[in-house]
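See below for the structure under consideration.
So you know, we letter chains A, B, ... as the sequences are listed, proteins then strands, and number each from 1.
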Amino acid sequence: MADVVFKNISKIYTGGVKAVDDFNLEIKDKEFIVLVGPSGCGKSTTLRMVAGLEEISSGELYIDGRLVNDVPPKDRDIAMVFQNYALYPHMNVYENMAFGLKLRKTPKDEIDRRVKEAAKILEIEGLLNRKPKALSGGQRQRVALGRAIVRNPKVFLMDEPLSNLDAKLRVQMRTELAKLHDRLQTTFIYVTHDQTEAMTMGDRIVVMKDGVIQQVASPQEIYNKPSNIFVAGFIGSPEMNFIDGHITVKNGKYFINFKDINLALPEGIAKTINPDFINKDIVIGIRPEDIHDEEMFLETFPEYTFNAKVEVVELLGSETYLYLQYDGIPLTARVDPRSVARSGDMVKIGFDMNKIHIFDKETTKRVMD
Amino acid sequence: MNDYLTQFINELSSKTANMKIQCKDVPFEGAAEERFGFDRCYVAADFENGDRKRFLTLIRELYEERLKNKIDRAIMGIEHGIDLPFPLAVLSIESSSYNDMQDLLYTLFESVFSYISNNTLNVFLPIDTVENLEESVSAVHESITEDLYLKARIGVGMLSKSDIDLKLSFQTSRAALKLCSEFKKDVVFYHKEWLEMLILSIPERARTEFVRENFKNPDILSDNETLKTITTFLNCSLNLSKASRLLFIHRNTLSYRLDKIHSETGLDIRNFEDAMKMKLCLEILDLGQI
């Protein structure tokens, strides 16, 4: 159990490539923090700096209050879990889990106690005598986790540990990992490029791009109040719709305008907008689930509606995606599966203006609270 | 115990008349387990504890030096008929420190032999199948990172089934190690990289031209979901049902995505020829020289 503090951490590779730039973050003891971002954003490099596998170019890194920049990796009391979860085929589960401790010359009875304890936590006690070949993907992943647990580390570092599992198993293991965190009560630093994993597992999410932190917040806040266009587009699937437009004010009432459309902003939302951006170039963001085609919404909020052409309808069973077009603007809507819209139709749609996001076109930053 | 080790111990015993050394495959009274090259055997020597340890270390080093020379000569093709535990894999490992790594290997495997040559650790690992080899090497790489906290690159040569193949196994392990930096990978298995090596043998200009002519919009690959859809569909041998199951999406959704990929790239990967072009384009782009 330990807190991890990054103070102005940077990583510059030979040749001047800046992988991580002025990274500042305080990870609390027992927190489950997720670093998320596209490949090359510096999230794995950040994790590897915590592990000591990458040297820190500048800044200070503290684990449990101790400056660890120059502490050898083996003395940092951390354990890593990777995506490969490769196991030794000639060893059984017990031996695979015990091996790291054996290498550290841990006494046999201590190894036995820790392996059995970890097996109990992971519910794999019945598999200890099995060889890896006789295990399913999920069971193998648990053994890999077991190898880390037996070390009893202060901090768990996980680098895309689920990315080699199939989609179904990944969903299952997400829950398992969250439960494991609850049981172990240890600090978890988890790296993924998968926004769903980030949203479902983290106490807090760190969104990164080009080595720079874009936003650190709870999953809800990241989703509901993205700090810039990148975060807004990266989190959420299908991604948020973005439309170039303006904010205008007529008779004290706020409107957003794009093409020939003027949609009134609810007073509560208008109040949160930075007035400096009135009549300036802005980007309007609206999530697919906040575009509606159902009668009730259209009748209740006629001032939020306009007509768009349906280009493609994607039926997913529990929901339907409408790929729409309005005067050259592509829009994606996530609607009820009972929607009657078909490809080629002109349909009336409505934006839920209470869920609108507004960004400065120039800086891409959010301009509302 | 192999014949070579038995012969070595007998030779040593005959030359040291006042010291009694006994070495067997099975435990016996007064014997301790020792490692000599590929073998683990039970040795008894009539020495005081401290001297005994020093003496055994000395004879192990002597034996392993001889074994190393024998292997080196076999690799150079000047010695034939070397008796090693085949099938055998040759690994070339490049890292900043090898002492702990050798310890790790000897803890991990019942039978393994390694020595440093030209700043590279040569590892000779008896292993029965290619499948086990792939899994074991991946696990070794993970252990090097997780347990020793070292960065390492591993080149794995072709599995040698007899002494005749040993030279080729060694050469291919060195070639694979070189490819690690080319492919920006930590582990390269020579037998798995045939397509990449074939592509590398094509002049860079011809590769660039091939992608330009066949792949309309490579930018779509920056979308992870699209890339995943393509690779999963190709890996499932163009089987729509299997790929949609693995992607956890409906068959019709996958069909729709493939239509979209067709219109964006100009390649309909449901068609074998286009799928082949896509695979080649992906590999070329992956090599990152365009």
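Both the backbone and the side chain of A:L53 come within less than 4.5 Å of a heavy atom in chain B. Interface residue A:L315: only backbone heavy atoms are found under 4.5 Å from chain B. Looking at B:D128, there are no atoms closer than 4.5 Å to chain A (heavy atoms on both sides), in backbone or side chain. Of the atoms belonging to B:N252, not a single heavy atom falls under 4.5 Å from chain A. If you measure heavy-atom distances from A:F99 to chain B, the contacts under 4.5 Å come from the side chain alone. B:E134 does not touch chain A: none of its heavy atoms, backbone or side chain, sits under 4.5 Å away.
A:T45 and A:E54 form no side-chain donor-acceptor contact under 3.5 Å, judged by distance and modelled atom types alone.
Contacts with chain A were tallied for B:D147, B:D100, B:T145, B:N224; B:D147 has the most, counting heavy-atom pairs under 4.5 Å. Here B:Y256 is the residue among B:Y256, B:F109, B:F248 with the most heavy-atom pairs under 4.5 Å with chain A. When each of A:R76, A:E95, A:K74 is checked for heavy-atom pairs under 4.5 Å with chain B, A:K74 comes out on top. Your options are B:L247, B:V140, B:V137, B:D103, and the one with the most heavy-atom pairs under 4.5 Å with chain A is B:V140.
Of the charged side-chain nitrogens involved, none lies within less than 4.0 Å of a carboxylate oxygen, so that B:K260 and A:E314 do not count as a salt-bridged pair.
Using a 4.5 Å heavy-atom cut-off against chain A, the contacting residues of residues 150-161 of chain B are B:L150, B:K151.
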